Amino acid sequence: MIFCCKEHVELALDIMVDEHELAPILEEVKREVELSTPCEYCSNPAAYIVANKNSDT
């Protein structure tokens, strides 16, 4: 599972496909989580969660 901002969503999608060879699931971050969750690639607030069906969510 990867938390990412709008700028890095394509990178996160590509990484998930490369690692798991499956189409990832893209979800918007809920407002209450958005305030405290940063993007994994920069310090901007996360806007999306990129995961696959096997991720523990």
Side-chain angles (χ1 to χ4, degrees):
M1 180 168 38
I2 300 172
F3 287 91
C4 62
C5 65
K6 291 179 182 180
E7 183 178 328
H8 291 110
V9 69
E10 288 184 38
L11 175 61
L13 289 168
D14 288 344
I15 289 172
M16 268 302 192
V17 169
D18 287 346
E19 288 180 2
H20 300 283
E21 299 178 356
L22 297 169
I25 297 168
L26 180 65
E27 286 184 44
E28 279 193 71
V29 173
K30 296 180 179 94
R31 284 204 175 261
E32 53 276 359
V33 176
E34 180 181 331
L35 298 174
S36 63
T37 307
C39 172
E40 293 191 20
Y41 306 106
C42 67
S43 59
N44 292 332
Y48 298 102
I49 299 171
V50 180
N52 67 25
K53 293 179 183 177
N54 296 328
S55 290
D56 295 348
T57 53

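Below, all heavy atoms of this structure are taken into account, side chains as well, without hydrogens, waters or symmetry copies. This is a predicted model, so every value here is computed, not measured.
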ask   = Given the rule that I, L, V, M, F, W and Y join up when any side-chain heavy atoms are under 4.5 Å apart, are L26 and I2 in one cluster?
value = yes
key: For the student: nearest non-hydrogen atoms of M16 and M1, plus distance   =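 Heavy-atom minimum between the residues: CE-N, 3.5 Å.
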key: C5 versus C42, closest heavy-atom pair with distance   = SG-SG, 3.7 Å
ask   = In Å and rounded to the nearest 0.5 Å, what is the CG to CD1 distance from L13 to I25?
value =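 Going from the CG atom of L13 to the CD1 atom of I25 covers 11.5 Å.
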request  = Hey, could you give me the CD1/NE2 distance between I15 and H20, rounded to the nearest 0.5 Å?
outcome  =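 Reported to 0.5 Å precision, the distance equals 10.5 Å.
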key: Partners meeting ring-ring contact (aromatic ring centres under 6.0 Å, His included) with Y41 (sequence neighbours left out)   = H8
message = Is there a side-chain contact between E27 and Y48 in this structure, where contact means two heavy atoms from C-beta onward sitting under 4.5 Å apart?
response =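 Not touching, per the 4.5 Å side-chain cut-off.
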inquiry  = Do C4 and V50 make a side-chain contact, defined as non-hydrogen atoms from C-beta onward lying under 4.5 Å apart?
reply    =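 Yes, their side chains come closer than 4.5 Å.
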